[in-house]
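Working notes, beginning with the structure itself.
Reminder, nothing fancy here: chain letters follow the sequence lines and each chain counts from 1.
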Amino acid sequence: MFALVDCNNFYASCERVFQPRLEGQPIVVLSNNDGCIIARSNEAKVLGFRMGDPYFQVKHDLLASNVCVFSSNYALYGDMSRRVMWYLAQQAPEVEIYSIDEAFLDLHGMEKYVAPLDTFARTLRTNIKKRTGIPTCIGIAPTKTLAKLANRLAKKMPDLGGVLYLDTDEKCQWALAQVGVGDVWGIGRQYAAKLAAAGLVTAADLAGCSDAWARKQLGGVVGARLVQELRGRVCQGLAPSEDGTLARQSISCSRTFGQPLSAFNDVLAAVGAFTSRAAEKLRRQGDATHLMTVYLSKNRYGLEPPPYSCSTVLTLPVAMSDTTQLLRYARMAVKKLWQANSVYTKAGVIFDGLEPLGQTQLSLFEPAPDTGKRERLMAELDALNRRFGKNTVRMATTLVGRGKARAPWEGKAQWCSPAYTTRLEDLLQVS
DNA sequence: TCTGGGGTCCTAGGACCC
DNA sequence: TCTGGGGTCCTAGGACCC
């Protein structure tokens with residue numbers, strides 16, 4: 001059996017933990033740059049605010065409905081997530097952290113020790129709430145896809161008390177009939193439209209279609225697996241990892257600028273900052289990269305025709321993880337992509353072709369005798385930034401001007417709550 | 001004025017190799 | 001005239017997830 005533990009309205013719940021007066025109030029959380037709505041409390045959902053709504057379009061409605069608006073506060077959400085995940089890891093032998101607010105547990109063999117599983121899940125829920133303040137729902141079923149589906153029903157049907165255990169075929173059949181085909185894990189907008197056209201309405205209908213048909217219509221083997229999993233046949237286990245954290249195959253950092261930029265040095269500073277950030281993530285994962293993609297984007301919403309973005313892929317002579325080295329290539333990439341008289345709104349950096357640091361192959365043509373020195377320097381830099389806060393030490397290229405509080409590419413975050421759990425100055429004060 | 005960010009997997013086609 | 005078969009690697013594009 002697999003369990004899916006999913007935090008309810010996670011970002012909104014995190015804000016509520018530190019401002020209990022928000023309980024029962026509609027809340028929305030905005031994306032980077034206060035661009036669009038990316039999270040909502042139930043109350044805000046009922047009011048009709050949708051995922052992805054641009055803030056400037058719904059600003060007045062939010063105000064009129066008295067909705068609490070927050071900028072996203074990843075320092076807070078990330079830390080709360082770690083607390084929830086840490087607790088889960090204590091309670092089950094195998095945990096896969098699937099996203100910031102969801103985890104799969106492998107419960108095979110646990111029936112003997114904690115039976116029945118739904119009682120176990122209820123205790124888990126209660127304890128997570130008690131320890132972190134975060135409400136959750138839990139679905140348990142023979143496959144991950146069915147556990148997802150069970151979780152969805154546990155959320156939707158308050159009578160279930162936040163837990164649904166699909167332990168028999170009958171229950172599975174019942175659950176499949178309750179869920180629309182578009183709400184199945186792995187069925188997005190395009191596939192949902194296709195399925196509707198073919199007359200398939202519920203998850204049960206989808207579970208009943210042939211493998212060949214699923215394979216043909218739903219993206220090959222992925223579709224076939226999906227249907228199998230709905231029927232209860234396990235096609236995917238937990239993703240392997242040492243500590244529940246997935247090792248990424250690509251690492252990226254991108255941002256929409258706070259304002260459109262047309263000066264080369266401003267864009268270069270942005271790309272440099274994103275490169276540094278991505279390199280930190282790379283080293284934290286213990287990897288080095290072979291392939292670096294840099295892209296620059298223009299406004300997609302104006303009158304100008306596409307293309308809206310241009311990119312370049314650099315094949316690095318050796319796998320590297322050193323910020324100073326990577327910044328050199330970032331500069332080359334921006335130079336290559338740069339078009340004078342263009343106005344850019346966004347940029348990004350992607351690292352692919354990752355391999356473990358320290359076990360990188362030496363290039364025949366570019367020996368790197370000082371690799372050890374570089375690695376030590378980067379380790380020091382990461383340690384300083386961990387200890388004293390992000391960007392305490394950084395590369396000069398990522399700065400523009402002098403003494404400016406904010407770089408021109410940095411976005412707005414007008415309604416950011418304090419980093420209660422990760423910054424001493426932001427500790428909650430009780431008076 | 002203002003429209004997010006970070007991932008995954010699969011397929012198909014072309015270049016190239018033996 | 002005849003015009004293989006099997007494999008890899010790379011890229012682009014398309015779908016999906018949170």
Side-chain angles (χ1 to χ4, degrees), chain A residues 4-11 28-40 50-60 62 69-74 77-78 81 96-104 144-145 148 151-152 182-195 214-226 235-236 239 245-260 274 277-278 281-282 285 290-291 293 295 297-302 307-309 311-313 315 343 345-354 411-414:
Chain A
L4 176 64
V5 180
D6 190 349
C7 302
N8 304 346
N9 310 318
F10 182 58
Y11 294 175
V28 300
V29 179
L30 302 180
S31 66
N32 206 288
N33 216 8
D34 293 338
C36 1
I37 296 178
I38 54 162
R40 304 155 297 160
R50 284 162 314 178
M51 202 74 162
D53 280 346
Y55 172 65
F56 75 94
Q57 283 175 4
V58 294
K59 185 154 62 171
H60 295 295
L62 289 168
V69 176
F70 286 94
S71 305
S72 35
N73 182 348
Y74 287 103
Y77 311 150
S81 173
E96 172 190 333
I97 299 173
Y98 178 67
S99 72
I100 196 164
D101 65 346
E102 284 170 86
F104 284 104
K144 286 169 93 174
T145 307
K148 266 288 215 191
N151 184 284
R152 168 170 278 276
D183 292 331
V184 171
W185 191 36
I187 300 297
R189 265 229 300 277
Q190 310 292 323
Y191 290 166
K194 245 189 210 180
L195 293 168
R215 193 176 281 265
K216 184 124 191 264
Q217 302 297 321
L218 305 177
V221 296
V222 183
R225 276 206 288 256
L226 194 163
C235 300
Q236 39 174 343
T245 314
L246 292 181
R248 298 300 178 187
Q249 295 170 37
S250 71
I251 284 174
S252 68
C253 179
S254 66
R255 292 278 180 286
T256 298
F257 305 143
Q259 52 186 296
F274 305 160
R277 178 76 193 105
K281 294 193 211 175
L282 190 65
Q285 185 173 302
H290 263 305
L291 235 41
T293 305
Y295 64 90
S297 307
K298 304 177 189 177
N299 181 15
R300 331 197 288 283
Y301 303 99
Y308 300 120
S309 105
S311 66
T312 181
V313 183
T315 305
V343 179
T345 57
K346 176 182 178 176
V349 174
I350 305 166
F351 295 147
D352 279 298
L354 308 188
K412 280 179 297 195
Q414 238 181 304

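Here A:Thr256 reaches the OP1 or OP2 of B:dG5: one of its side-chain N or O atoms lies under 4.0 Å away. Considering only side-chain N and O atoms, A:Arg225 lies nowhere under 4.0 angstrom from the phosphate OP1 or OP2 of B:dC9. Put simply, A:Ser250 has no side-chain N or O that comes within less than 4.0 Å of OP1 or OP2 on B:dG6. Residue A:Ser31 has no polar side-chain atom (N or O) positioned under 4.0 Å from OP1 or OP2 of B:dT3. Applying the 4.0 Å criterion to OP1 and OP2 of B:dG6, one finds that A:Ser254 has a side-chain N or O inside that range.
The interatomic distance linking A:Arg40 (CZ) with B:dG4 (P) rounds to 16 Å, in whole Å. The separation between A:Ile37 atom CD1 and B:dC2 atom P is 18 Å, rounded to whole Å. Whole-Å rounding puts the A:Leu4 CG to C:dC18 P distance at 9 Å. If you measure from atom CD of A:Glu102 to atom P of C:dC18, you get 6 Å, rounded to the nearest angstrom. A:Arg255 has its CZ atom 12 Å from the P atom of B:dG4, to the nearest Å. What separates CG of A:Asp352 from C1' of B:dT8 is a distance of 12 Å, to the nearest Å. Remark: P of C:dC18 and CH2 of A:Trp185 are 8 Å apart, rounded to the nearest angstrom. When the P atom of B:dC9 is taken as reference, atom CD of A:Gln236 falls 11 Å away, rounded to whole Å.
As the counterpart of C:dG14, B:dC9 is assigned, both hydrogen-bonding distances of the Watson-Crick or G-U wobble pattern falling under 3.5 Å.
A:Gln259 comes within 4.0 angstrom of no nucleic acid atom, judged by non-hydrogen atoms across all strands. Across all strands shown, A:Val221 has heavy atoms under 4.0 Å from sugar-phosphate atoms exclusively, and none from any base. Using a 4.0 Å heavy-atom criterion, one finds that A:Lys148 contacts the sugar-phosphate atoms exclusively. Using a 4.0 Å heavy-atom cutoff across all strands shown, A:Ile350 reaches no nucleic acid atom at all. Looking at heavy-atom distances under 4.0 Å, A:Asn32 makes contact with sugar-phosphate atoms alone, never a base. Heavy atoms of A:Val184 sit under 4.0 angstrom from primed sugar atoms or phosphate atoms, though from no base atom. Using a 4.0 Å heavy-atom cutoff across all strands shown, A:Tyr301 reaches at least one base atom of the nucleic acid. Residue A:Asn299 is out of contact with every strand shown, counting any heavy-atom pair closer than 4.0 Å. Here A:Leu218 lies out of heavy-atom contact (under 4.0 Å) with every strand. Contact annotation for A:Arg277: no contact, since no heavy-atom pair falls under 4.0 Å across all strands. Using a 4.0 Å heavy-atom criterion, one finds that A:Lys346 contacts the sugar-phosphate atoms exclusively.
For the pair A:Lys144 and A:Gln236, the tightest heavy-atom approach, listed with the atom from each and the gap, is CD-O, 3.5 Å.
For the C1' atoms, the distance linking C:dG4 with B:dC16 amounts to 16 Å, nearest Å.
The nucleotide whose nearest atom lies closest to any side-chain atom of A:Arg248 is, among B:dT3, B:dT8, C:dA15, B:dT8. For A:Gln57, counting side-chain heavy atoms from C-beta on, the closest listed nucleotide (B:dG6, B:dT8, B:dT3) is B:dT3. When distances run from any side-chain atom of A:Arg300 to the nucleotides B:dG6, B:dG4, C:dC18, the shortest one goes to B:dG4.
Within 6.0 Å of NZ on A:Lys216 lie no more than 12 heavy atoms contributed by other residues, nucleotides or ligands.
Toward the 5′ end of DNA chain B lies the nearest nucleotide of A:Cys36, the other residue of the pair A:Ala247 and A:Cys36 mapping further downstream. Across the interface with DNA chain B, nearest-nucleotide mapping of A:Cys253 and A:Arg215 shows A:Cys253 to be the residue nearer the 5′ end.
A 4.5 Å side-chain heavy-atom check between A:Val5 and A:Glu102 finds every atom pair outside the cut-off.
Distance NZ/A:Lys346 to CG/A:Asn33: 11.0 Å, rounded to 0.5 Å. How far NE2 of A:His290 is from OG1 of A:Thr315: 9.5 Å, rounded to the nearest 0.5 Å.
With hydrogens and angles left out, the side-chain atoms of A:Thr345 and A:Asn299 include no donor and acceptor closer than 3.5 Å.
Checking A:Val29, A:Leu30, A:Val69 one by one against A:Ile37, the side chain to side chain contact (heavy atoms under 4.5 Å, CB included) holds for a single residue, A:Leu30.
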